[in-house]
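Chain letters run A, B, ... following the sequence lines, proteins first, then strands; residues in each count from 1.
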Number of protein chains: 2
Amino acid sequence: MVVADAVHALRGALDPPGVLLPPQDLSKYEISPNNMKGRAAAVIRPRTVEDVRQVLRICREHRVRLVPQGANSGLVGSGLPDPDGTQAVLSTERMRDWFDLDTGGRTLTASAGWTLDEINARLAPARLRLPIEVGSSPSVGGMVSTNTAGSNVLRHGDVRRRLLGVQAVTADDDLTVIDTLAPLRKRNEGLDVTQLFVGTEGRYGVVTAASFELAALPQAVATAWLAVPDPERLPAVLREFEHRAGEWLTSFELVSASAVRLLEANHADLLPRVPPGDGDKVLVEIGSADDSADRILQAAIETLADRGDVADAVIGPPDRLWEIRHTIPLITERMDPVTSFDISAPRSALTAMRGELTSRLARLWPEITPVELGHYGDGGLHLILPLPAAVAAAPETVAAIRRLVFDTVVHDFGGSFSAEHGIGPKNADAYARYVPAPVRHLADVLARHFDPRDILGWRTP
Amino acid sequence: MVVADAVHALRGALDPPGVLLPPQDLSKYEISPNNMKGRAAAVIRPRTVEDVRQVLRICREHRVRLVPQGANSGLVGSGLPDPDGTQAVLSTERMRDWFDLDTGGRTLTASAGWTLDEINARLAPARLRLPIEVGSSPSVGGMVSTNTAGSNVLRHGDVRRRLLGVQAVTADDDLTVIDTLAPLRKRNEGLDVTQLFVGTEGRYGVVTAASFELAALPQAVATAWLAVPDPERLPAVLREFEHRAGEWLTSFELVSASAVRLLEANHADLLPRVPPGDGDKVLVEIGSADDSADRILQAAIETLADRGDVADAVIGPPDRLWEIRHTIPLITERMDPVTSFDISAPRSALTAMRGELTSRLARLWPEITPVELGHYGDGGLHLILPLPAAVAAAPETVAAIRRLVFDTVVHDFGGSFSAEHGIGPKNADAYARYVPAPVRHLADVLARHFDPRDILGWRTP
């Protein structure tokens with residue numbers, strides 16, 4: 001058996017913890033936080049770049065397919081092996097050789113296995129931060145490969161914008177190591193090969209390290225939940241905060257009343273941290289280099305309350321207020337049956353798009369109550385549709401719902417079918433439908449260039 | 001003659017001002033601001049995307065090579081035809097159909113021909129800005145194709161970081177129009193084809209439009225020139241400003257005393273705007289969303305003066321102080337004979353790299369006085385070496401100087417041979433020497449993909 005031969009060779013190349021096999025419990029590598037499932041023929045855990053080259057060499061030789069995986073925190077299955085068990089997982093979790101912090105330069109170069117939470121714990125004493133804000137703790141390799149974004153893109157951008165360089169091992173005949181690692185803010189040398197490894201989900205190579213521009217921790221942070229009586233008023237609320245805080249506005253997050261209600265069942269203790277009422281709620285955060293965050297926040301809320309743009313507000317400690325925002329996805333990720341979307345629009349069209357989606361869905365499936373979690377400041381929207389049993393049992397109905405949502409987003413509002421989670425098996429159909437053929441063709445040309453034997457990346461079943 | 005046939009066809013396809021030919025004076029398209037020279041077989045000026053497709057179709061058919069050009073403000077010759085007159089210029093200056101400003105979204109989609117100055121004049125009433133700060137006025141197409149950076153990368157990033165989407169016409173068999181134009185801050189759909197047209201100098205296609213994220217104009221701006229008595233103190237000065245202003249710190253620009261002295265001959269009236277003394281000078285600018293810019297600036301200067309990190313300062317109106325920074329390059333670009341470099345380092349290594357370069361050059365060519373203009377905050381450095389006549393007359397000596405500088409930057413400090421100006425004929429040698437073979441090979445693979453008949457882009461003579 002080919003995999004058995006490969007396993008033998010891999011065991012020769014790596015230390016014993018480097019190759020994990022069934023019947024050992026591999027579920028950590030097989031099940032995503034939102035319960036997507038794959039089956040791993042093996043889990044390969046290299047520690048060094050040379051290890052990765054050996055693994056790719058052996059897998060090329062034995063035609064064993066590999067899916068690179070970081071902290072397995074993704075939500076579209078792009079780091080999972082297929083459910084048929086034909087793929088091995090290449091986990092970069094043990095790659096931790098480098099952690100080169102340059103405090104004066106405000107940069108970090110780190111190996112693929114370091115996770116976001118580990119990194120930020122290590123940077124805190126230097127009053128620095130890798131400013132990616134998501135409810136999970138992805139790894140360096142995963143963040144680059146999936147272009148992690150999250151809740152402070154408005155201020156700090158996505159991973160692509162923070163990235164200064166990358167190291168990746170490709171599966172070409174020479175097992176070429178592409179290495180643009182360097183803490184350089186300016187480097188304009190023609191084609192920027194770094195970009196090809198961002199968001200391409202390991203298809204072109206295994207990301208083994210990355211260089212990032214860091215942000216300073218703010219001197220003061222002020223946070224509030226706001227009740228906005230009418231979605232039409234959201235643009236004015238955002239405008240007021242951007243006007244007063246400029247780039248010190250870190251987040252402007254939207255949750256629908258239906259999303260807040262999800263807390264009632266098991267997290268009722270959190271509810272007093274959000275103002276009551278049936279309208280949208282916004283989590284706003286300002287982080288200032290001086291001590292003015294609170295003053296700016298309060299002045300903005302006062303103005304907005306006077307105008308009637310904000311009906312009520314709860315100002316409080318950031319951790320306690322963010323707990324609301326981070327708890328809701330933990331609930332929605334476990335909802336079943338459900339169909340969920342990670343979409344975006346030009347932010348000035350977000351209110352109109354929400355309205356259109358809600359009314360189109362209500363017309364056809366009035367029994368569905370949409371739950372919305374939006375990164376309003378950057379135009380992102382997580383739309384979760386809990387499905388009645390009858391709908392969930394009819395795959396063609398679910399497909400029709402997905403089609404309706406995607407067509408509305410892409411065709412009617414010029415938005416994206418994948419704002420931040422990526423493609424993976426979950427969005428493979430949408431990718432084929434909405435990404436123009438020449439772009440998909442080019443993506444394939446690059447795949448053949450970097451991986452002529454076609455061993456890397458997720459597969460649809 | 002092939003070109004004559006092509007000209008005939010082009011004249012049939014475009015309006016009369018669309019095809020300019022010698023003996024008409026074409027020097028506007030042939031000579032760069034720093035006096036690099038090419039010779040244009042013709043200048044083709046399409047107005048629409050369909051025009052561009054026609055031009056590429058005709059030039060493919062007749063094997064006429066084209067170099068795309070924007071406002072001809074580049075400094076490495078990447079928009080110039082070769083000196084032998086074998087290429088036509090494809091100027092995008094007349095492409096001005098779109099100017100779609102979304103004030104609520106803070107985004108702009110504009111055709112290739114709009115220039116930076118025009119754009120910012122139009123955005124000012126909305127209190128918005130495309131925050132690229134260079135001493136010239138490049139066009140949309142040129143800014144994307146050369147990834148324009150400049151003096152406020154520290155705050156706003158280069159064009160790549162501001163770019164949300166692009167439209168480009170490729171020279172493949174289908175004359176494919178790649179179009180990712182959209183004012184979307186979040187779109188994570190696998191390979192981001194947009195990136196391939198950034199900084200690749202028109203080699204993969206003619207950029208015909210772009211979407212940008214804009215910045216709000218600051219409420220208050222405070223600017224100062226500082227005298228820093230010792231280069232070793234520069235990191236502490238930068239740290240103090242970053243600490244106090246965070247992302248409101250717009251610029252931190254370095255000029256050497258030798259650079260300031262260039263003003264003495266013809267711009268002595270400007271000199272009182274810079275503090276006197278023989279050390280480095282720094283131009284610092286803070287732009288605040290509230291009225292605190294001046295207060296932050298003054299407090300920082302006070303602290304730094306107390307510590308001895310700053311010896312003297314001139315606080316003044318931004319325009320008057322920036323005039324110094326923008327006048328010096330106008331002088332150095334016209335210096336002759338000269339050899340100049342646009343290099344970068346990790347910013348925490350910039351002081352060491354400057355010292356090493358200066359001492360290595362002084363050891364071998366003591367008669368050369370380096371002139372330095374640095375984007376200190378982002379690690380960029382423009383190094384200008386006025387050449388004694390004897391050195392200028394010996395090409396192998398000039399080559400040795402260039403080699404010494406580049407080797408020091410790239411090999412000893414992990415820096416870049418092209419911080420922001422790009423490749424072009426000027427840096428073609430350095431590209432071949434310092435960019436790894438697999439990356440150059442990939443760049444060629446992409447060129448063959450987008451332009452199988454090899455008609456687009458600059459040529460070395």
Side-chain angles (χ1 to χ4, degrees), chain A residues 102 104-105 107 147 149 153 157 161 176 178 182-193 195 198-201 216 218 235 239 242-248 288-290 296 344 346-348 375 378-380 414-423 431 435 438-439 442-443 445-446 449, chain B residues 102 104-105 107 147 149 153 157 161 176 178 182-193 195 198-201 216 218 235 239 242-248 288-290 296 344 346-348 375 378-380 414-423 431 435 438-439 442-443 445-446 449:
Chain A
D102 176 350
T107 59
N147 190 25
V153 163
R161 285 210 190 180
T176 301
I178 298 284
L184 296 176
R185 284 179 174 75
K186 273 189 176 157
R187 177 168 44 173
N188 203 24
E189 301 177 350
L191 174 68
D192 184 9
V193 67
Q195 305 302 327
V198 182
T200 46
E201 304 179 334
R239 197 181 317 124
E242 286 208 330
H243 172 68
R244 288 180 182 266
E247 289 103 324
W248 289 358
S288 57
D290 59 17
I296 298 172
S344 70
R347 75 179 193 190
S348 53
H375 306 295
D378 60 45
S416 174
F417 65 90
S418 170
E420 51 186 2
H421 293 169
I423 308 300
Y431 175 81
V435 172
V439 176
L442 174 63
V445 167
L446 287 166
H449 175 82
Chain B
D102 176 349
T107 58
N147 190 23
V153 164
R161 285 208 191 181
T176 301
I178 299 283
L184 295 176
R185 285 176 173 76
K186 273 189 175 156
R187 177 169 44 175
N188 203 24
E189 301 176 352
L191 173 69
D192 184 10
V193 67
Q195 306 301 328
V198 182
T200 45
E201 303 178 333
R239 197 180 317 124
E242 287 208 329
H243 172 68
R244 286 179 183 268
E247 289 104 323
W248 289 358
S288 57
D290 58 18
I296 298 173
S344 71
R347 73 180 195 192
S348 54
H375 306 295
D378 59 46
S416 174
F417 65 90
S418 170
E420 50 185 2
H421 292 167
I423 309 300
Y431 175 80
V435 172
V439 177
L442 174 63
V445 167
L446 286 167
H449 175 82

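- Residue contact with chain B, scored on non-hydrogen atoms closer than 4.5 Å, involves the backbone and the side chain of A:Arg161 alike.
- Considering only heavy-atom pairs separated by less than 4.5 Å from chain B, the leading option among A:Ala443, A:Ser288, A:Gly105, A:Pro218 is A:Gly105.
- Closest heavy-atom contact between A:Ala182 and B:Gly414: CB-O, 4.4 Å.
- Contacts with chain B were tallied for A:Gly246, A:Ala245, A:Ala216, A:Ala149; A:Ala245 has the most, counting heavy-atom pairs under 4.5 Å.
- The part of A:Thr176 that comes within reach of chain B is its side chain, from C-beta onward, which places non-hydrogen atoms under 4.5 angstrom from that chain.
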* Asked: Please walk me through it: do A:Ser416 and B:Glu189 pass side chain to side chain contact (heavy atoms under 4.5 Å, CB included)?
  -> CA-CA 8 Å; A:Ser416 174; B:Glu189 301 176 352; 2.5 Å; yes
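- In this structure, chain B has heavy atoms under 4.5 Å from both the backbone and the side chain of A:His243.
- Neither the backbone nor the side chain of A:Glu201 comes within less than 4.5 Å of any heavy atom in chain B.
- In this structure, chain A has no heavy atom under 4.5 Å from any part of B:Arg239.
- Interface remark: A:Asp378 contributes backbone and side-chain atoms alike to the contact with chain B (heavy atom separation under 4.5 Å).
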* To do: Could you walk me through whether B:Val435 and A:Leu191 pass side chain to side chain contact (heavy atoms under 4.5 Å, CB included), step by step?
  => CA-CA 10 Å; B:Val435 172; A:Leu191 174 68; over 6 Å; no
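- Rounded to the nearest 0.5 Å, atoms CD (B:Gln195) and CG (A:Asp192) are 7.5 Å apart.
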* Asked: Given the rule in the side chain to side chain contact (heavy atoms under 4.5 Å, CB included) test, do A:Ile178 and B:Leu442 qualify, once you have shown the distances and angles that lead to the verdict?
  -> CA-CA 11 Å; A:Ile178 298 284; B:Leu442 174 63; 5.9 Å; no
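- Options B:Val198, B:Thr107, B:Asp290, B:Asp102 differ in how many heavy-atom pairs under 4.5 Å they form with chain A, and the most are formed by B:Asp102.
- Interface remark: of the candidates A:Gly199, A:Pro346, A:Ser418, A:Pro438, A:Ser418 forms the most heavy-atom pairs closer than 4.5 Å to chain B.
- Top candidate by heavy-atom pairs under 4.5 Å with chain B, chosen from A:Asn188, A:Val445, A:Val439, is A:Asn188.
- Using a 4.5 Å cut-off between heavy atoms, A:Pro235 makes no contact with chain B at all.
- Proximity to chain A (any heavy atom under 4.5 Å) is shown, for B:Asn147, by both the backbone and the side chain.
- A search for salt bridge (Lys or Arg N to Asp or Glu O under 4.0 Å) contacts involving A:Glu242 returns A:Arg347, B:Arg106, not counting sequence neighbours.
- Note: B:Lys186 leads B:Arg185, B:Lys186, B:His421 in heavy-atom pairs under 4.5 Å with chain A.
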